[in-house]
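Notes for the one structure printed next.
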Amino acid sequence: MKQAFELAPVVVFGAVYFLVDIYAATGALMAAVAVQILFYRLRKWPITGQMWLVFWLAMVIGTATLLLRNPVFIQWKPTVVGWIMGLALIGSRFVGRGDFIERNLGGAMKLSKDGWRDFTWIWAVGFVLFGCLNLYVALNFSEEAWVTYRLASVIAIPVILVLASGAWLAARGEFADSREEAGNATEPPG
């Protein structure tokens, strides 16, 4: 349920865009991220740094879009989010105790230090590249094409990053130890 709820602001943005216009969609996005934060607080769910980043950027960039009546600001938001997230992942390699991804997924996956490093770099570079792709679409295609891209990319980007990192880690043999451990756990002793 949380994952679907995290996508809600972008879906609201797209729906309102196709029903009204970019400015109404921007206001709806701002309202949706505010409702999302409020809902998480009421449910006592943790609010991630990424959610706060999206909230504040939606508020600041959304306000600029509405006050200046220029959609280029809201079109830059996914790029800014992607670049900040990519840089934060790279920075996590050098600050704190291990990679951010390792700290959050370390209990779910067993990887070598090199595996965690590669996983982090794949996602960091992916976020930066997808930020660049967003700008390319926003600056070279129609507003409607950009909104359509934005709706599709919300689902496509994580899927692409999961597949790319999984393929890379599998090719490096990172999952071999996990399969061996699972195989040993199911074999009868003796």
hydrophobic_cluster_shared for [Y] and [X], side chain cutoff 4.5 Å:
{"X": "V35", "Y": "V154", "answer": "no"}
{"X": "V162", "Y": "I157", "answer": "yes"}
{"X": "V125", "Y": "F94", "answer": "yes"}
{"X": "V81", "Y": "L135", "answer": "yes"}
{"X": "L87", "Y": "L57", "answer": "no"}

Side chain to side chain donor-acceptor pair (under 3.5 Å) between Y149 and E144, intermediate numbers included:
CA-CA 9 Å; Y149 160 79; E144 184 175 325; over 6 Å; no
How many angstroms lie between [atom1] in [X] and [atom2] in [Y], if you round to the nearest 0.5 Å?
{"X": "Q75", "Y": "L139", "atom1": "CD", "atom2": "CG", "result": "7.5 Å"}
{"X": "I37", "Y": "W45", "atom1": "CD1", "atom2": "CH2", "result": "12.5 Å"}
{"X": "R117", "Y": "I122", "atom1": "CZ", "atom2": "CD1", "result": "10.0 Å"}
{"X": "L169", "Y": "S112", "atom1": "CG", "atom2": "OG", "result": "8.5 Å"}
{"X": "E143", "Y": "I74", "atom1": "CD", "atom2": "CD1", "result": "11.0 Å"}
{"X": "F55", "Y": "T48", "atom1": "CZ", "atom2": "OG1", "result": "13.0 Å"}

I'd like to check [X] versus [Y] (side-chain heavy atoms, cut-off strictly below 4.5 Å). Are they in contact?
{"X": "V147", "Y": "F13", "value": "yes"}
{"X": "M59", "Y": "V33", "value": "yes"}
{"X": "L161", "Y": "F130", "value": "yes"}
{"X": "Q36", "Y": "V54", "value": "no"}
{"X": "L29", "Y": "Y17", "value": "no"}
{"X": "Y40", "Y": "E6", "value": "yes"}
{"X": "F18", "Y": "L151", "value": "yes"}

Could you check whether S153 and R150, counting side-chain N and O atoms only, form a donor-acceptor pair closer than 3.5 Å?
yes
Strictly by modelled atom types, are N134 and W146 linked by a side-chain donor-acceptor pair under 3.5 Å?
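Side chains of N134 and W146: pair found under 3.5 Å.
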Examine R69 relative to Y23 and say whether NZ or CZ is less than 6.0 Å from the centre of the six-membered ring and inside a 45° cone about the ring axis.
yes
So which of I61, T65, T26 actually passes side-chain contact (heavy atoms from CB on, under 4.5 Å) with K77?
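When I61, T65, T26 are each tested with K77, the side-chain contact (heavy atoms from CB on, under 4.5 Å) holds only for I61.
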Considering all heavy atoms, the nearest [X]-[Y] contact:
{"X": "A145", "Y": "V137", "value": "O-CG1, 4.4 Å"}
{"X": "T79", "Y": "G131", "value": "OG1-O, 2.7 Å"}
{"X": "P9", "Y": "A32", "value": "CA-CB, 3.7 Å"}
{"X": "I22", "Y": "P71", "value": "CG1-CB, 3.9 Å"}
{"X": "D21", "Y": "A24", "value": "OD1-N, 2.8 Å"}

W52: what forms a side-chain hydrogen bond (donor to acceptor under 3.5 Å, both in side chains) with it, not counting sequence neighbours?
none
Determine whether more than 12 heavy atoms belonging to other residues, nucleotides or ligands lie under 6.0 Å from atom OH of Y136.
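Incorrect, the count does not exceed 12.
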Taking everything shown except W168 itself, do over 12 heavy atoms lie less than 6.0 Å from its CH2?
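Counting neighbours around CH2 of W168, 12 or fewer heavy atoms of other residues, nucleotides or ligands fall under 6.0 Å, so no.
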Mind checking ring pair (Phe, Tyr, Trp, His ring centres under 6.0 Å) for F73 and listing every partner two or more places apart, or none if nothing turns up?
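Partners of F73 under the ring pair (Phe, Tyr, Trp, His ring centres under 6.0 Å) test: none.
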Residues that F127 engages under ring pair (Phe, Tyr, Trp, His ring centres under 6.0 Å), provided they are two or more places apart
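Here the qualifying residues are W123.
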